[in-house]
Number of protein chains: 2
Amino acid sequence: MDHSSLAQRLGRYLPLAEPERDALATLEESERSLPRGGVLCAEHAPTREIYVVRKGWLYSSTLLSDGNRQILGLHLPGELAGDAALPWEKAPFAITAATDAVVRVIDKTALRSLLTHQPRIGALLLALVQIERMAIADRLASLGRTSAKSRVAALLIDVLRRLRAGGSDVAGGLVLPLTQEEIGDATGLTAVHVNRMMRQLTDEGLIGRSNGRVRVMDEARLAGVANHIDRYAAIDLSWVPPAI
Amino acid sequence: MDHSSLAQRLGRYLPLAEPERDALATLEESERSLPRGGVLCAEHAPTREIYVVRKGWLYSSTLLSDGNRQILGLHLPGELAGDAALPWEKAPFAITAATDAVVRVIDKTALRSLLTHQPRIGALLLALVQIERMAIADRLASLGRTSAKSRVAALLIDVLRRLRAGGSDVAGGLVLPLTQEEIGDATGLTAVHVNRMMRQLTDEGLIGRSNGRVRVMDEARLAGVANHIDRYAAIDLSWVPPAI
DNA sequence: CGTGTCGTTGAGCTCAGTCAATAAAAGTGG
DNA sequence: CCACTTTTATTGACTGAGCTCAACGACACG
């Protein structure tokens, strides 16, 4: 357990000071492994922890009362999961492993002292959450106002850019370890229609597929179809209090 | 300018300590009035401020490259607006007045020192943002996985409960100061179809309408149609660092 | 008393959903 | 390693919820 995962995540935007890194290093406790399909945190289960993904993909989802499922977001390696559940005693969504996965577990109560003693980390975390909030807002616009093809394209582009931001090598094409049912639950479509849209994107030369592997052939054009806006390029955290 | 609006907003969940209230009281600067339709902050405009709504309704929206608009969220009296734009130099969304409105303006840089010196306010703000993030997630599920009628019902129920939480009297029916076009942009529908859904809700006795005024006749049944889950009831902020 | 905005309703169309059948993988136990 | 089951992907035919286009009425406002 060499470095702090949370420090790595927060450090993506601004360099952390020595005492901050030290404080973060004391946070992480255990590592937990899950098989594909394993539930890290069930909906309505008590929430005592937040997670940092080390390996694999996970997703958050809610089950509507009519039985439908909505995937609220994906959690790729290096990203947080479960932090959105902080203000609730019982989880408002489930967290499930889309692939075999490994996560670091951080205790909620441990966060408490961290926020008190390292206010700058609190501010940075606040910024991080706002960024993720805007990401959901963009997905809201995607579901509310774009076609099925755009939505699928948006998912692909989003994943591609986040994997890249997380340091993964995506040049050789990415493995999309989601079933079409899952893609549907994320984009508000049926699995059948996801399949048709993937076929269309393939026929148009935007993506290539071979045994589950999806390769983005023309990122710019795909981003165009997706109505994608790269928010990450313009992030500005100069308002975060400076390191002491 | 008697009390701090932000203090009122944050104090909804936990009592604030004296020094915290004092710190918040120094924050607020000016009050700004807007006519209906007035733009508080244009998309891509520099973001130097966040806002607290005093009177009237506002909404945040993005314009997609295909010309479609998505309303990302409403801002009712007592609520924050523009805080989601904190991590960007240029606003990722516009803020527009849905009615004549009055807002308090808080400077971004003023927040900086507040977060440094009052870490507990940072934590509380973090919680508040997570709550708003979950609210968008619920809307995502609404757009992605429910029918047009449900979405309109969800909007109505959401507004009703937030108005109530903000201290408004909604017993006599609420005035919904949104055009059907705006409701459509919020719910991912066309204005025409919003109209049909409102008619249906009216015919089923769930709501009553008279000259723009909407009255919720059967809140429980409407909440059922909306697949609504009341997140506010279960909020638990015991993990926030205690006041000194 | 025009003129523009908003709400309302009808008719027809289309995108995405439903149902169904088959193929292709991926597990699973012997 | 093979037989067997379950999951996932794919495609076609049909249906329907929600969109488009269009017309008209009701206001508000200069």
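Below, each value reflects all heavy atoms present in this structure, side chains not excepted, and no hydrogens, waters or symmetry copies. The structure presented is a predicted model; accordingly, all values stated were derived computationally and were not measured. Quick note on labels: first sequence line is chain A, next is B, and so on, each numbered from 1.
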For B/Glu43, which residues count as a salt bridge (charged side-chain N to carboxylate O under 4.0 Å, His left out) partner, sequence neighbours excluded?
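Expected list: none.
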In whole angstroms, how far is the [atom2] atom of [N] from the [atom1] atom of [X]?
{"X": "A/Arg36", "N": "D/dT7", "atom1": "CZ", "atom2": "P", "value": "11 Å"}
{"X": "A/Glu181", "N": "D/dT7", "atom1": "CD", "atom2": "C1'", "value": "10 Å"}
{"X": "B/Met198", "N": "C/dT9", "atom1": "CE", "atom2": "P", "value": "12 Å"}
{"X": "A/Gln180", "N": "D/dA9", "atom1": "CD", "atom2": "P", "value": "4 Å"}

Report all interatomic pairs (protein N or O, nucleotide N or O of nucleotides 18-23 of chain C) with separations under 3.5 Å.
residue, atom, partner, partner atom, Å
C/dT18, O4, A/Arg196, NH2, 2.8

Base versus backbone protein contacts along nucleotides 24-30 of chain D [heavy-atom cut-off under 4.0 Å; B, S, -]:
-------
State whether A/Asn195 places a side-chain N or O below 4.0 Å from either non-bridging phosphate oxygen (OP1 or OP2) of D/dA9.
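For D/dA9, neither OP1 nor OP2 has a side-chain N or O of A/Asn195 closer than 4.0 Å.
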Can you pull out every salt bridge (Lys or Arg N to Asp or Glu O under 4.0 Å) where at least one residue sits in residues 185-198 of chain B? Sequence neighbours excluded, please.
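Listed once each, the pairs are A/Arg145-B/Asp185, B/Arg69-B/Asp185.
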Salt bridge between A/Glu204 and A/Lys149, side-chain N to carboxylate O under 4.0 Å?
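Yes, A/Glu204 and A/Lys149 are salt-bridged.
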Between A/Glu49 and A/Arg32, does any NZ, NE, NH1 or NH2 come within less than 4.0 Å of an OD or OE carboxylate oxygen?
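Result for this pair is yes, salt bridge flagged.
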Compute the bend angle of the helix from C/dC1-D/dG30 to C/dG30-D/dC1 from the end axes (five pairs per end), rounded to 10°.
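That helix gives 60° between its end axes.
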Worked check of salt bridge (Lys or Arg N to Asp or Glu O under 4.0 Å) between A/Glu89 and A/Arg48
CA-CA 8 Å; A/Glu89 182 64 44; A/Arg48 313 210 181 294; 3.5 Å; yes
With distance as the sole criterion, is a donor-acceptor pair present between the side chains of A/Arg209 and A/Thr202 under 3.5 Å?
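On atom types as modelled, these side chains qualify, holding a pair under 3.5 Å.
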Would you say the side chains of A/Lys108 and A/Thr47 form a donor-acceptor pair under 3.5 Å?
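A donor-acceptor contact under 3.5 Å links the two side chains.
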Separation between CD of A/Glu132 and CE of A/Met134, rounded to the nearest 0.5 Å
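Taking CD in A/Glu132 and CE in A/Met134, the distance rounds to 13.5 Å.
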What distance separates A/Gln180 CD from A/Thr190 OG1, expressed to the nearest 0.5 Å?
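Those atoms lie 10.0 Å apart.
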Checking salt bridge (Lys or Arg N to Asp or Glu O under 4.0 Å) for the pair A/Asp158/A/Arg231: CA distance, chi angles, key distance, verdict?
CA-CA 10 Å; A/Asp158 181 46; A/Arg231 304 281 182 202; over 6 Å; no
Within the 4.5 Å heavy-atom criterion, are A/Cys41 and A/Phe93 side-chain neighbours or not?
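No, side chains not in contact.
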When all nucleic acid strands are considered with a 4.0 Å heavy-atom cut-off, which category describes B/Gly188: base, sugar-phosphate, or nothing?
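Sugar-phosphate, backbone atoms only, no base.
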Where along residues 199-209 of chain A does a heavy atom fall under 4.0 Å from DNA chain D?
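A/Arg199, A/Arg209, in order of number.
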